[in-house]
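Inspection log for the structure reproduced underneath, given as structure tokens.
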Amino acid sequence: MLSKKIEKALNDQIRVEAESSQIYLAMACWAEVKGLEGVAGFMYSQSDEEREHMLKLVKFVNERGGHAHISELKAPNVTFKSFKEMFETLFEHEVFVSESINNLVHISLEEKDYATHNFLQWYVAEQIEEEAMARTILDKINMIGNDKGGLYLFDRDIEQITVSTAASDTLE
Ligand code: FEO
């Protein structure tokens, strides 16, 4: 059984994951209208992953005697000054999500809720991967700068990052 405090904290995280899904969906749309199919595909798949993160929490809360609350979401940014700015936003957002997960882990220990603590370890590991991936992408974008040819190649190659992420997900 979840304590009220844990239930509230998990529900807050459900909203964070749902908002993440919307943020990446908006990024996918922006990339798509700008003609970068690879980046758009990557962002669509990130958006799907965030929805999975949310659903996993929803099921956990409901199965443990709580009630997952589906709430109103903050509207994401729909335009960006540049791809660099968009990927910076993605990286900063993942750092924010990691802090949010860390806070949740902290509360689970305070509440001596070891089942929730155990459940959250998947998210801890996932955040390490997501931050690392966002950092790698940002490094590449910084190298490219304003070079159009570089951006073309990046758009082609980013699909590989999606494929390798999908492959590691299947192995889990
Ligand atoms: Fe579900 Fe990218 O954090």
Side-chain angles (χ1 to χ4, degrees), residues 2 6-32 36 38-64 66 68-78 80 83-108 113 115-142 154 158-172:
L2 296 171
I6 285 278
E7 185 179 355
K8 158 109 184 38
L10 288 167
N11 270 320
D12 287 347
Q13 190 63 30
I14 285 170
R15 202 186 60 243
V16 167
E17 302 291 350
E19 285 180 347
S20 304
S21 182
Q22 296 295 89
I23 288 169
Y24 299 151
L25 188 57
M27 289 179 176
C29 292
W30 189 74
E32 196 159 48
L36 289 191
V39 173
F42 171 81
M43 288 299 180
Y44 278 124
S45 107
Q46 285 302 112
S47 174
D48 284 348
E49 273 194 33
E50 298 301 348
R51 181 174 160 78
E52 289 299 318
H53 297 174
M54 177 200 69
L55 278 177
K56 220 171 149 77
L57 281 155
V58 163
K59 300 263 166 70
F60 180 77
V61 169
N62 290 340
E63 277 163 13
R64 297 227 22 240
H69 282 193
I70 307 306
S71 61
E72 191 178 7
L73 304 176
K74 199 160 69 186
N77 273 353
V78 294
F80 301 89
F83 281 94
K84 185 171 182 287
E85 188 199 57
M86 187 181 81
F87 282 105
E88 275 167 0
T89 307
L90 177 138
F91 176 67
E92 283 160 17
H93 185 72
E94 286 305 327
V95 170
F96 161 76
V97 174
S98 296
E99 282 167 8
S100 176
I101 293 288
N102 279 349
N103 187 41
L104 201 44
V105 170
H106 180 74
I107 296 171
S108 72
D113 184 340
T116 297
H117 183 266
N118 186 48
F119 167 77
L120 289 173
Q121 296 314 303
W122 183 87
Y123 287 85
V124 171
E126 182 71 11
Q127 280 315 118
I128 293 171
E129 267 185 39
E130 297 223 336
E131 267 191 47
M133 187 180 64
R135 198 175 289 116
T136 305
I137 292 174
L138 202 50
D139 286 347
K140 285 192 200 302
I141 284 280
N142 281 330
F154 172 76
I158 196 170
E159 297 195 61
Q160 288 310 115
I161 300 177
T162 320
V163 170
S164 60
T165 311
S168 66
D169 278 355
T170 341
L171 294 174
E172 276 168 10

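Whatever order the structure lists ligands and atoms in, that order sets their numbers, starting from 1. If you're wondering where the values come from, they're calculated on a predicted model, not measured in any experiment.
Considering Arg15, Glu17, Gln13 as possible partners of Ser100, the one that fulfils the side chain to side chain donor-acceptor pair (under 3.5 Å) test is Gln13. For the ring pair (Phe, Tyr, Trp, His ring centres under 6.0 Å) with Phe154, the lone residue among Phe83, Phe87, Phe42 that qualifies is Phe87.
Among the heteroatoms counted here (N, O or S) of His53, ND1 is the one nearest to atom 1 (Fe) of ligand 1. Within Glu130, the N/O/S atom positioned nearest atom 2 (Fe) of ligand 1 carries the name OE1. Residue Glu50 approaches atom 2 (Fe) of ligand 1 most closely through its N/O/S atom OE2.
Between atom 1 (Fe) of ligand 1 and Glu17 there is an N/O/S contact shorter than 2.8 Å. Checking Glu126 against atom 2 (Fe) of ligand 1, every N/O/S atom stays at or beyond the 2.8 Å cut-off.
Counting only heavy atoms from C-beta outward, the side chains of Cys29 and Val78 never approach each other to under 4.5 Å.
At distances below 3.5 Å, at least one donor-acceptor pair connects side-chain atoms of Gln127 with backbone N or O atoms of Glu94. Remark: the backbone N or O of Ser21 is paired with a side-chain donor or acceptor of Ser47 at under 3.5 angstrom.
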